[in-house]
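These notes concern the structure reproduced below.
Every chain is numbered from 1, with letters handed out A, B, ... down the list of sequences. The model shown is predicted, which means the values in this text are computed figures rather than measured ones. Every heavy atom of this structure was used, including side-chain atoms; hydrogens, water molecules and symmetry mates were not.
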There are 2 protein chains.
Amino acid sequence: MPKVADPQRAAETEATIVEAAKNILAENGLEALSMRAVGARVGLSATALYNYFENKQALVDRVVARGFRRFESYLWSAVEGIPTGRLERVRALGAAYIRFAMENEQYFKIMFTIQPEDPREIEELPGQGGRRIFRDSVADAIAAGEIRGADPDLVALYLWSSVHGLATLSLACDFTGECLCGDHEWAKDGLTVEGLYDLFGDFLADGLKPRDTGRIDGAGKRRTDGKRNGRDAEHRDGTG
Amino acid sequence: MPKVADPQRAAETEATIVEAAKNILAENGLEALSMRAVGARVGLSATALYNYFENKQALVDRVVARGFRRFESYLWSAVEGIPTGRLERVRALGAAYIRFAMENEQYFKIMFTIQPEDPREIEELPGQGGRRIFRDSVADAIAAGEIRGADPDLVALYLWSSVHGLATLSLACDFTGECLCGDHEWAKDGLTVEGLYDLFGDFLADGLKPRDTGRIDGAGKRRTDGKRNGRDAEHRDGTG
DNA sequence: ACTGTTAGCTTAACGACGTTATCTTAACTG
DNA sequence: CAGTTAAGATAACGTCGTTAAGCTAACAGT
């Protein structure tokens with residue numbers, strides 16, 4: 001008797017439920033996202049939702065998947081007007097990444113916090129969509145000579161993680177004015193995360209500039225610190 | 001009648017409880033961290049814990065605070081043998097950051113996920129400790145001329161967020177082998193996060209190299225993309 | 001037209017959670 | 001030895017995710 005018969009109707013109801021769940025999440029945060037609350041929002045009892053989703057995790061997975069689709073289209077629409085191959089396009093991509101995280105805080109948090117128990121149920125691994133856009137833009141910029149001739153996948157992952165770090169950190173810390181208590185030149189008229197990213201973009205861009213010493217593709221797996229193996233702290237968390 | 005009388009004994013018991021909580025967290029994850037479980041682990045009932053902590057959040061805050069102290073000393077011990085002023089020291093700091101995140105996964109997650117409801121109860125904002133070490137090492141490297149003459153706070157925050165992004169992302173995605181399905185030169189013999197960081201370190205270092213065009217301190221708050229205001233997507237998450 | 005099936009829901013209930021109020025026990029004090 | 005009290009246990013409330021059982025309305029077959 002569980003499960004729904006008409007797949008058409010099922011899909012519609014599921015979409016309604018996912019929509020309600022994401023609204024509760026955006027408005028009141030993760031702890032407010034209960035099955036009973038979602039049910040009440042769509043005019044059903046909590047248990048009725050189990051006709052459409054196996055459990056709460058499955059519902060949350062769907063919300064996350066929706067979030068990633070929105071995320072991807074958000075990134076796309078942010079750079080579609082900028083010609084491919086330009087470094088500017090890559091920088092705008094990073095700016096859009098930050099902006100999405102700030103505008104969709106709760107959403108962004110669960111996207112990279114909750115991991116689906118069955119990864120195949122989500123169309124793509126978290127961030128795959130966003131990463132692909134990064135990769136393509138980077139590859140174009142490399143081909144156009146605006147970024148040094150390194151592996152696009154590597155460079156894209158680098159940019160992605162850098163931008164992701166800024167987004168994540170600013171959601172966790174709100175360091176705009178608290179962590180950085182000193183009065184700095186670059187923070188005096190209201191430090192925003194977007195402003196920070198603008199500044200960081202210079203470091204990022206300089207690190208990826210073409211250089212004459214030829215391409216680096218990491219073939220040599222260079223060690224920079226002499227003792228990379230040997231776990232120099234043995235911090236294995238015994239009791240401590 | 002609540003609260004404990006002898007502050008000496010109270011401090012000891014609190015430490016025991018925090019310790020038990022962090023063990024449960026490390027062994028079984030956040031969802032296993034319940035007051036009843038912590039109480040059972042220290043031989044008390046769940047409600048007895050309320051004599052030492054106002055609520056669960058306060059206990060978790062203490063666990064997080066402990067984590068940050070461990071984190072800070074972990075970073076310190078990882079670079080104490082490397083002479084100050086060397087860029088190598090900054091790179092080793094980043095490597096230690098990554099390593100801590102990998103070795104203390106659950107710990108690291110809550111450190112940057114849970115935000116205390118009363119920030120003052122935690123000795124320092126999340127990451128302040130780690131950031132300070134970054135800042136000092138960067139400042140030394142700048143003074144020694146191994147990093148370009150920019151604001152140490154800005155550069156430290158940049159490095160911090162870059163490394164944090166790599167750590168966070170790899171905890172969320174496990175892209176070592178899944179997200180990056182293509183067979184790359186740099187991924188062929190087992191891609192580890194530490195290996196990735198080694199590769200990224202080159203980009204990072206190049207972006208921070210001294211350059212002859214003088215210092216950049218961001219006074220001009222440069223805009224790189226022509227249209228930074230104007231919210232080019234209007235993605236305000238209405239419904240659909 | 002009456003009966004049986006069944007899709008899709010509701011209600012009841014279970015165990016676990018955080019938390020509060022009340023009760024017990026054991027040590028100390030006069 | 002009586003009384004106080006510190007520090008715990010027990011009971012209980014409301015909420016959570018989830019399961020089992022019961023209801024209701026639409027539909028099928030003869």
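Look at CG on B:D6: it is 12 Å from P on C:dC28, rounded to the nearest Å. In this entry the distance linking CD of A:E12 with P of C:dG8 reads 13 Å, nearest Å. Look at CD1 on A:I17: it is 12 Å from C1' on C:dG8, rounded to the nearest Å. When the C1' atom of C:dA7 is taken as reference, atom CG of A:L49 falls 17 Å away, rounded to whole Å. Atom-to-atom, CG of A:N51 to C1' of C:dT10 comes out at 11 Å; the value is rounded to the nearest Å.
At a threshold of 4.0 angstrom between heavy atoms, the contacts of B:A48 are confined to the sugar-phosphate backbone, with no base atom among them.
Taking both residues in full, the closest heavy atoms of B:V63 and B:K22 are given as CG1-CB, 4.0 Å, listed atom of the first, atom of the second, then distance. Contact record, A:A37 with A:A32: CB-O, 3.8 Å, taken as the closest heavy-atom pair. Contact between B:A167 and B:M102 at its shortest, heavy atoms only, is O-CE, 3.9 Å. Considering every non-hydrogen atom in both B:R89 and B:I82, the closest pair reads NH1-O, 2.8 Å.
Terminal axes of the helix from C:dA1-D:dT30 to C:dG30-D:dC1 (five pairs each, C1' rotation axis) are separated by 30°, to the nearest 10°.
Between B:F71 and B:F100, the ring planes lie tilted relative to each other; the angle falls in the 30° to 60° range. Between A:H164 and A:F108, the ring planes lie tilted relative to each other; the angle falls in the 30° to 60° range.
If you run side-chain contact (heavy atoms from CB on, under 4.5 Å) between A:F112 and each of B:L171, B:L169, B:T113, B:T168, only B:L169 comes through.
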Under 4.0 Å protein heavy-atom contact, by nucleotide of nucleotides 14-20 of chain D - B base, S sugar-phosphate only: --BBBB-

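Taking 4.0 angstrom as the limit, A:Y52 places none of its side-chain polar atoms (N or O) nearer than this to OP1 or OP2 of C:dA7.
For the 3.5 Å distance criterion, the side chains of B:R66 and B:Y107 qualify, holding a donor opposite an acceptor.
Screening residues 27-52 of chain B for salt bridge (Lys or Arg N to Asp or Glu O under 4.0 Å), with sequence neighbours left out, gives B:E27-B:R41.
Comparing D:dG8, C:dT10, C:dC9 by their closest approach to the side chain of A:R9 singles out C:dC9.
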